[in-house]
There are 2 protein chains.
Amino acid sequence: MTSSLFLEQARAIVGEQRVLTDAHDTDIYQRDWRGRYKGSALAVILPASQSEVVAIVKLCNQFDFAIVPQGGNTGLVGGAVAKETSRPTILLNVSRLNRVIEIDTQNNSMTVEAGCILANVRTIAEENKRLFPMLLGSVGSCEIGGLVSTNAGGTGVLRWGNMRELVLGLEVVLADGTVWNGLRALRKDNTGYDLKQLFIGAEGTLGIITSVVLKLFPRVDNTATAMVALGGVSEAVDLLRMMQSTLGNRIEAFEIMSRSQIEIVLAHGNGLTAPMSMDSLWYVLIEIADSDKDWDASGQLEAVLGQAMEQELVSDAVIATDQGKANRIWDLRHHVSECNKKAGFTVSNDTSVPISKLPEFIDKVTARIAAEIPAATLCHVGHMGDGNIHEVVVLSRAAYPTPEACEDVAARVNLLVHEESVALNGSISAEHGIGKMHVERLVRFKPALDLQLMQGIKSVFDPKRLMNPGTIFVGA
Amino acid sequence: MTSSLFLEQARAIVGEQRVLTDAHDTDIYQRDWRGRYKGSALAVILPASQSEVVAIVKLCNQFDFAIVPQGGNTGLVGGAVAKETSRPTILLNVSRLNRVIEIDTQNNSMTVEAGCILANVRTIAEENKRLFPMLLGSVGSCEIGGLVSTNAGGTGVLRWGNMRELVLGLEVVLADGTVWNGLRALRKDNTGYDLKQLFIGAEGTLGIITSVVLKLFPRVDNTATAMVALGGVSEAVDLLRMMQSTLGNRIEAFEIMSRSQIEIVLAHGNGLTAPMSMDSLWYVLIEIADSDKDWDASGQLEAVLGQAMEQELVSDAVIATDQGKANRIWDLRHHVSECNKKAGFTVSNDTSVPISKLPEFIDKVTARIAAEIPAATLCHVGHMGDGNIHEVVVLSRAAYPTPEACEDVAARVNLLVHEESVALNGSISAEHGIGKMHVERLVRFKPALDLQLMQGIKSVFDPKRLMNPGTIFVGA
């Protein structure tokens, strides 16, 4: 009865069609992108404006219903699905808040609503001769509010930083329905605690982001791409630093892949071929870019790689002579998830360590996997320039035929990877966040003092604990 | 009696010589750099290690004494002086915590204690073929802990960001003496709320920063410097964006000065001369820099400025042909404070607005000063690329002979500048912070909701309100 009264009032706010309760309609919202979580929200509500968000949040306060904010629903850790709790939960999807409020090319900034899709934001920036540099696999469906809430990373962090570094201002509907207005477009503002930093990466546990001011940058259209073969991870670290000493921050991407990973891509990717021989254990995919159209990108890349070969850091290198060849190189990277899925049951991790510790980290994980799970194929792929490596274990269906056997191995792999990462002062979740997936793991590895301070902040912003229960924090 | 017991115990912790109470010894710590504040601390305590800081903080908790953290004491808003309150306060100076803990060139990071002086950190980075890019006037005496606590800005923000963007990790002694360990050197870490963001810019109100992990960068040694004359501020904004479209982020500094400001520098700076004719109203000082030694910095600067002259953005330009000439240009900028002081009583502001609003902001302030304080000389000088302008009013001693007359005008100037800044969604303190100087002003211009949330956070970290009373927040 309470629920039906709530739904009736919610419909009065956003309209009949925007309160979804039928499983047929709600499924795409309630199921996460990987298909690992199925939400239990009473309804999916789709407000079209900030004032509708406010009204829905106030209604939830009245009924003591919990709220899970959702954007493009592309998260990988279950942060945007509703957990079963003692009180009803609604899924508040902001996709209809998708207006571009302002583009200010003289300020190099752009103000957009939270539901704007990343690809659209990038296109609008481009049309205005600017760059919005955030880039990740789900670019065509992830939304700005979710990218901010999860402090997204992606392939451009080495040069441009995480989402945190790309945000100038935020507007947030707080847990009680008041609006916090931090929608400023300033490069410098030292007037007390920088409150917006708390909402960035809070995964919707402190409020609902409704608008964002993004930083824009000069375009960097003059690019060159290469793939290089190396003997080991420490050579790759040396190569990065050597390249930076002459190319500075022109290095746009520096992605490492083990041969084991490329072999899986070549075996399962339709029509994908290797642009060079596969006789090395490690490969790095490199893109450099500059604003200056007259700068000789390919020539500079060739020169620095030549130098690296002389110093025996690199054993072989291929530079793409046209965009088609560059795409062929990047296809190897972009088809990783899809090909691993075809190869077997996949256990993936998202850890980071100081870049200088990457060789040691990878050695230790490799040794432990070989000793403890000998039938597994271990692949390494990641954003080397950020110290962010995905340790991917692929289990063949022949060796691990049952889901139970796979899940057991998955738990063992995750634990050992996390142990080795934490031992090197690293992170158990570099870019994906905690969501619902890692809440228990966080309690295990995060110091109690950190958790206590986080709980204190949570209590300031959401004393009734309505926002995204079961995310980041254990319990409802 | 309580005080002498406290001092006795403090001396047992840090040593007899490190607890200063004699006015002769404490004066340089108790008086702020500008000479506007005189602190009332019971003692100045100089611990030499984190464990000594912990012990002193625990002692303060025992005695219910307040604590003002201090570094190089170069702040401009009285954040590091002790305010008279109902309970005794000690000044805790961290200058003796000055060890370089680690330099990790492969991770492009450096771990230092809070008392390290900025110039030394920059030198050590340089010796390791790296750059630590923070740069501001007090480089020779300001300390890393203070730079983090105030989220310092300076001349390099356009390219490198504020101090916030240059910090990877922090270690902080909290108000109750527990140590919060966030001393990680990671580029990506999404495991809950990013607690370090709260301490950055908190001006010592949430804890005492004892160690910091700083980001390092590839060196950019290939530079070129120019000074250009323009008709107005909007031409300067256009010039910046035009330059960025080809030079990308190579623009290291883009500082604007009004003719009125340069004239004061020329009149009062010993031996300073103008490198070009002074018949324009506005001038911009530009430095570009690249890592690539073969890049033609001067040639590129000349080309883009030639283009700007063709488009009539710029009326005149001079490019420094050697480092001596470059220094001559920068001397005009670096002698501003000193020369203004010689010219009369100076009222300075530190505001920011979106860069696109700078022309409107400056027009409005100029018109109001002319109408309301006609005898004043108004100078404009600032970090244009950050929207951060210092509106400086110089009052001649002839027109304003008494301190009272000057203070009255100062209050009127500050208020009108803040009003115009806030009207354009700007900041009343872009880089200097709130300190003790702007606490009442913050209450006037900051939304009540922001202040309430800030108070909530303060209560989580410092429930007994021992840390830096009277800073950021009104009252003890």
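Note that these values count all heavy atoms, side chains included, but never hydrogens, waters or copies made by symmetry. Order of the sequence lines sets the chain letters (A, B, ...), proteins ahead of strands, with each chain counted from 1. In this text the structure is predicted, and so the values were computed from the model without any measurement.
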Original post:
How about A:Thr471 and A:Val439: do any of their side-chain heavy atoms sit closer than 4.5 Å?
Top reply: no

Original post:
Is the shortest heavy-atom distance from the side chain of B:Asn190 to the side chain of A:Thr150 under 4.5 Å?
Top reply: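 No, too far: nothing below the 4.5 Å cut-off.
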
Heavy-atom distances under 4.5 Å only: say whether [X] touches chain A with side chain, backbone, both or neither.
X: B:Ser245; answer: backbone
X: B:Asn388; answer: side chain
X: B:Thr105; answer: backbone
X: B:Gln300; answer: side chain
X: B:Thr205; answer: both
X: B:Leu442; answer: side chain
X: B:Asn425; answer: both
X: B:Leu186; answer: side chain
X: B:Asp104; answer: side chain

**OP:** Give the member of B:Asp450, B:Ile472, B:Leu198 that has the highest number of heavy-atom pairs under 4.5 Å with chain A.
**Re:** B:Asp450

With a 4.5 angstrom heavy-atom cut-off, could you sort out which part of [X] is near chain B: side chain, backbone, both or neither?
X: A:Asp238; result: both
X: A:Val220; result: neither
X: A:Asp386; result: both
X: A:Asn108; result: both
X: A:His438; result: neither
X: A:Pro447; result: neither
X: A:Lys357; result: neither
X: A:Thr191; result: both
X: A:Asp290; result: side chain
X: A:Lys446; result: side chain
X: A:Arg441; result: neither

Subject >> N/O donor-acceptor pair under 3.5 Å between B:Arg159 side chain and B:Asn249 backbone >> reply: yes

**OP:** Measure from the side-chain N and O atoms of B:Arg187 to the backbone N and O of A:Leu158, and report whether any donor-acceptor pair falls under 3.5 Å.
**Re:** no

**OP:** Look at the aromatic rings of A:His418 and A:Phe445 and report parallel, tilted or perpendicular, splitting at 30° and 60°.
**Re:**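 Perpendicular: the ring planes of A:His418 and A:Phe445 meet at over 60°.
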
**OP:** For the pair A:His432 and A:His390, name the ring-plane relationship: parallel under 30°, tilted 30 to 60°, perpendicular over 60°.
**Re:**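 Answer is parallel, since the angle falls under 30°.
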
**OP:** Carefully, step by step, assess A:Met110 and A:Arg130 under the rule side-chain contact (heavy atoms from CB on, under 4.5 Å).
**Re:** CA-CA 10 Å; A:Met110 185 171 173; A:Arg130 294 293 183 275; over 6 Å; no

**OP:** Let me see the working for B:Leu453 and A:Leu174 under side-chain contact (heavy atoms from CB on, under 4.5 Å), right down to the final yes or no.
**Re:** CA-CA 11 Å; B:Leu453 292 169; A:Leu174 301 181; 4.2 Å; yes

**OP:** Among A:Gln244, A:Arg241, A:Met243, find the residue that satisfies the side chain to side chain contact (heavy atoms under 4.5 Å, CB included) test when tested with B:Pro218.
**Re:**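 It is A:Gln244; the other options fail the test.
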
Original post:
B:Glu431 and side chain to side chain contact (heavy atoms under 4.5 Å, CB included): which partner among B:Asp350, B:Asn151, B:Leu76?
Top reply: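 Per the side chain to side chain contact (heavy atoms under 4.5 Å, CB included) rule, the option paired with B:Glu431 is B:Asp350, out of B:Asp350, B:Asn151, B:Leu76.
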
